[in-house]
Amino acid sequence: MLKEIKSEIYHLLHPKMAFFLTSIAKDGNPNVMACAWATPVSEEPLIIIVCVEKSAYTAELIKETREFVINIPTKNLVKALLICGKTSGRNSDKFKKAGLKYSSGPKMVYFNTA
Ligand SMILES: Cc1cc2nc3c(=O)[nH]c(=O)nc-3n(C[C@H](O)[C@H](O)[C@H](O)COP(=O)(O)O)c2cc1C
């Protein structure tokens with residue numbers, strides 16, 4: 001029964017668009033994960049909520065630096081997105097693994113971590 005309910009919920013809420021969610025370590029090394037649970041909740045001020053499991057390396061980095069970046073993938077980046085969503089950057093360089101490049105950008109918002 002539990003399996004049935006879980007499956008129904010999954011199919012009601014998915015598929016969802018997924019994004020690249022990039023964070024950065026204090027030493028300047030970036031990390032990137034796939035994130036489907038992201039949504040804008042306010043235009044003024046601009047607020048975007050991302051839901052990241054506590055055990056993810058990304059959660060650790062965001063809590064540490066209070067910074068993240070969201071990128072919307074194009075079709076040709078689907079494989080890279082899956083690589084970022086199936087491995088942790090705790091002990092590996094996912095930018096290298098997925099063939100992704102990064103550059104620095106402007107700071108836009110402050111946020112709370114619950
Ligand atoms: C398509 C897709 C969407 C995902 N969306 C989320 C999400 O919204 N939140 C989350 O915590 N994990 C999500 N994940 C899983 C993380 O990307 C995965 O746990 C990743 O390895 C975490 O990397 P990190 O340890 O380097 O932070 C998703 C995975 C995939 C493939």
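Because the structure is a prediction, the values reported are computed rather than measured. First listed ligand is number 1; within each ligand, the first listed atom is number 1. Along the sequence shown, the residues carry numbers beginning at 1.
If you look at Ala59 next to ligand 1, there are no close heavy atoms at all, none under 4.0 Å.
Checking Pro15, Ser88, Ser23, Ala38 against atom 25 (O) of ligand 1, the nearest heavy atom belongs to Ser88. Relative to atom 19 (O) of ligand 1, the option among Glu53, Lys86, Glu60 with the closest non-hydrogen atom is Glu53. Around atom 17 (O) of ligand 1, the closest heavy atom drawn from Pro73, Gly89, Ala34 belongs to Ala34.
The N/O atoms of Ala36, backbone and side chain alike, include one that comes under 3.5 Å of an N/O atom in ligand 1. At under 3.5 Å, a nitrogen or oxygen of Cys51, whether backbone or side chain, sits near a nitrogen or oxygen of ligand 1. Ligand 1 has no N or O atom lying under 3.5 Å from any N or O atom of Arg90, backbone or side chain.
Of all heavy-atom pairs spanning Tyr57 and Asn31, the tightest one is CD2-ND2, 3.4 Å. Across all non-hydrogen atoms, the minimal contact from Glu53 to Ala59 is O-CB, 3.5 Å.
Remark: Asn91 CG is loosely packed, at most 12 non-hydrogen atoms of other residues, nucleotides or ligands lying under 6.0 Å away.
In summary, Arg90 and Glu60 engage in a salt bridge, as defined by a charged side-chain N under 4.0 Å from a carboxylate O.
Among all protein heavy atoms, the one lying closest to atom 15 (C) of ligand 1 is Gly85 O, 3.8 Å. When only non-hydrogen protein atoms are considered, atom 10 (C) of ligand 1 lies nearest to Met33 CE, 3.4 Å.
Ligand-side atoms of ligand 1 in range of Val52: 11 (O), range being under 4.0 angstrom from any heavy atom. For ligand 1, the atoms sitting less than 4.0 Å from at least one non-hydrogen atom of Ala56 are 25 (O), 27 (O), numbered in the order shown with element in parentheses. Each of the following atoms of ligand 1 lies closer than 4.0 Å to a heavy atom of Asn31: 24 (P), 26 (O), 27 (O). Residue-ligand proximity, Thr87 to ligand 1, at heavy-atom distances under 4.0 Å covers atoms 20 (C), 21 (O), 23 (O). Residue Tyr57 has at least one heavy-atom neighbour below 4.0 Å for each of these atoms of ligand 1: 24 (P), 25 (O), 26 (O), 27 (O).
Residue Lys94 places a heavy atom less than 4.0 Å from ligand 1.
Follow the hydrophobic side-chain contacts under 4.5 Å out from Met33 and you never reach Leu100; the two are in separate clusters. Criterion: ILVMFWY side-chain heavy atoms under 4.5 Å apart, direct or through other members. Under it, Val52 and Ile72 are part of a common hydrophobic cluster.
In this pair, Trp37 and His14 present their aromatic rings tilted. The plane angle is within the 30 to 60° band.
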